[in-house]
Amino acid sequence: MQKKENMPKPNFFIVGAPKCGTTALAAYLGDHPQVFMSTPKEPHYFADDFPGYQFAPDLDGYLSLFLGANSDARVVGEASVYYLYSKTAVANIKAYDPDARLVAMLRNPVDMVHSLHAQLLFTLNENEPDFMTAWGLQGDRLEGKFIPKYCKDSAMLQYQAVASYTEQLKRLYNHFPKEQVKVILFDDFKDDVRHVYEDVLDFLTLDSDRRTSFDVVNASHVRRCKLLSVLLRAKPKPIRQLWAMVKKHTGATAETGQKIGRWLEKSNTRYQGRESLTKDERAIIAASFKEEINMLENLLDRSFESWRS
């Protein structure tokens, strides 16, 4: 491995929030000739209060994710969606690189938490299939009850807290000046993705690549087979023993295993629309975010009346 001082270092972070378009933006930026985005997209290295989500165990391992960046890459970045929610990540990023640029993406909290619930179900972090029931379990889960077996961190099951953006943005602004932070609304991104993309390039002082095609990324999806997802997550002893035999007799590497795992995950995914909340259900969730939306309007000096509808 190269020495740390010679490694490409990240200077750009998409910090969240989840289900707000971060995957699409990271993918579009990653295609730009002057940008390198990490694989995996969400290493969550700086969110040390969410160890279950940290991909790299130490700084060397984290920096190795950026070794593929070439000399043309003026922006080297990653997109860990729980950095904004984390109470430590932004401060850790500031200590690592006080000149870093950060993007936060926000979405109507009602739509965000509904989509987040579906994503957590898909990744086995949630086991309650009915969103309204899961919403009602937040108090019990805060006390450590009804936590799913494969949940990486029960803090993600606090849906209202994850979508309470005002406190998170204030923490972000406490550590970074506003000129180093860009806030993007999912509605704007969806309505005119090219304009928002060009705006981000300008924020990063990058040349336009004249991109005009923006394919849909990270559409709603469900598992084809829950058992396969459990096996991929839990990696029971017989599976580990079988893989050890395969490596011994074929010379397969850990990277090969990761590629096989990603292929199995992709093969086990079926894309379909998510069932909508009823009008009454939306009203219940929206009422919980009424004060949050008021505070966010004051912080960002922008109307969110459409979020109240």
Side-chain angles (χ1 to χ4, degrees), residues 14-25 47 49-50 80-87 89-90 102-122 125-126 128-143 146 151 153-174 178 181-191 196 218 220 273-309:
I14 300 176
V15 296
K19 311 312 297 179
C20 294
T22 61
T23 300
L25 181 60
D49 50 344
F50 300 143
S80 297
V81 296
Y82 289 121
Y83 279 165
L84 193 62
Y85 180 40
S86 166
K87 289 182 169 60
V90 172
L102 302 94
V103 164
M105 302 184 74
L106 313 180
R107 184 181 186 180
N108 182 329
V110 179
D111 296 320
M112 190 273 238
V113 295
H114 187 216
S115 183
L116 177 61
H117 170 258
Q119 177 67 23
L120 294 180
L121 270 177
F122 179 80
N125 286 282
E126 172 65 271
E128 173 50 62
D130 180 71
F131 170 68
M132 295 304 294
T133 302
W135 178 265
L137 285 174
Q138 291 179 96
D140 288 325
R141 285 170 161 175
L142 194 59
E143 297 176 357
F146 309 115
C151 182
D153 197 307
S154 61
M156 307 314 163
L157 303 174
Q158 297 302 310
Y159 296 101
Q160 185 162 358
V162 179
S164 294
Y165 309 128
T166 306
E167 178 185 350
Q168 299 169 23
L169 286 176
K170 285 181 177 179
R171 181 164 54 237
L172 184 54
Y173 290 141
N174 282 340
K178 289 189 176 182
V181 175
K182 185 166 188 61
V183 176
I184 298 171
L185 299 187
F186 179 78
D187 293 342
D188 296 339
F189 188 54
K190 181 179 65 173
D191 291 343
V196 172
N218 203 23
S220 298
R274 186 171 55 257
E275 185 176 350
S276 300
L277 294 172
T278 67
K279 184 177 180 180
D280 289 342
E281 289 170 340
R282 287 191 67 88
I284 291 170
I285 306 303
S288 300
F289 286 107
K290 181 179 179 180
E291 185 56 34
E292 165 62 28
I293 292 173
N294 291 338
M295 293 189 297
L296 191 64
E297 285 181 324
N298 291 330
L299 180 65
L300 297 181
D301 192 24
R302 174 167 177 167
S303 173
F304 292 99
E305 189 60 36
S306 63
W307 288 7
R308 296 188 177 91
S309 303

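With sequence neighbours excluded, the residues forming a side chain to side chain contact (heavy atoms under 4.5 Å, CB included) with V90 are L172, H175, F176, listed by chain and number. With sequence neighbours excluded, the residues forming a side chain to side chain contact (heavy atoms under 4.5 Å, CB included) with A286 are V110, listed by chain and number. For the side-chain hydrogen bond (donor to acceptor under 3.5 Å, both in side chains) test, no residue two or more places apart in sequence or in another chain qualifies with Y165. Applying the side-chain hydrogen bond (donor to acceptor under 3.5 Å, both in side chains) rule to E281 yields the partners T278; only residues at least two apart in sequence or on another chain are considered. Listed by chain and residue number, E78 satisfy the side-chain hydrogen bond (donor to acceptor under 3.5 Å, both in side chains) test with Y83 (two or more places apart in sequence, or in another chain). For D130, the side-chain hydrogen bond (donor to acceptor under 3.5 Å, both in side chains) partners are T133, not counting sequence neighbours. Residues meeting the side chain to side chain contact (heavy atoms under 4.5 Å, CB included) test with A283, sequence neighbours left out: none. For D187, the side chain to side chain contact (heavy atoms under 4.5 Å, CB included) test picks out S306, W307, with sequence neighbours left out. Judged as a salt bridge (Lys or Arg N to Asp or Glu O under 4.0 Å), and not counting sequence neighbours, the contacts of D188 are R302.
In this pair, Y159 and F131 present their aromatic rings perpendicular. The plane angle is above 60°, beyond the 30 to 60° band.
Between the side chain of R107 and the main chain of A17, no donor-acceptor pair closer than 3.5 Å is present. The backbone N or O of A161 sits less than 3.5 Å from a side-chain atom of Q168, completing a donor-acceptor pair. Formation of a donor-acceptor pair under 3.5 Å by the H117 side chain with backbone atoms of M132 is not found in this model. Here the side chain of R141 pairs no donor or acceptor atom with the backbone of S154 at under 3.5 angstrom. The main-chain N or O of D111 is never found under 3.5 Å from a side-chain atom of R282 such that the two would form a donor-acceptor pair. No donor-acceptor pair closer than 3.5 Å links the side chain of D153 to the backbone N or O of F50.
Scanning both residues, A155 and Y85, for their nearest heavy atoms gives O-OH, 2.8 Å. Closest heavy-atom contact between V162 and P18: CG1-CG, 3.9 Å.
Pairs engaging residues 288-301 under the side-chain hydrogen bond (donor to acceptor under 3.5 Å, both in side chains) rule: T166-E292, N294-R308, E297-R308 [sequence neighbours left out].
Taking CG of L137 as the start and CD of E126 as the end, the distance is 7.5 Å to the nearest 0.5 Å. Remark: M156 CE to N125 CG distance equals 8.5 Å, nearest 0.5 Å. Rounded to the nearest 0.5 angstrom, F146 CZ and E128 CD are separated by 10.5 Å. A distance of 4.0 Å separates NZ in K19 from CD in Q119, rounded to the nearest 0.5 Å. Between the CG atom in L120 and the OG atom in S115 there is a gap of 9.5 Å [rounded to 0.5 Å]. Expressed to the nearest 0.5 Å, how far CG of L296 lies from CG of L185 amounts to 8.0 Å.
Partner I184 forms a side-chain contact (heavy atoms from CB on, under 4.5 Å) with one of L106, I14, L25 and no other, that one being L25.
Contact annotation: the side chain of M105 never approaches that of F186 to less than 4.5 Å [non-hydrogen atoms, C-beta and beyond].
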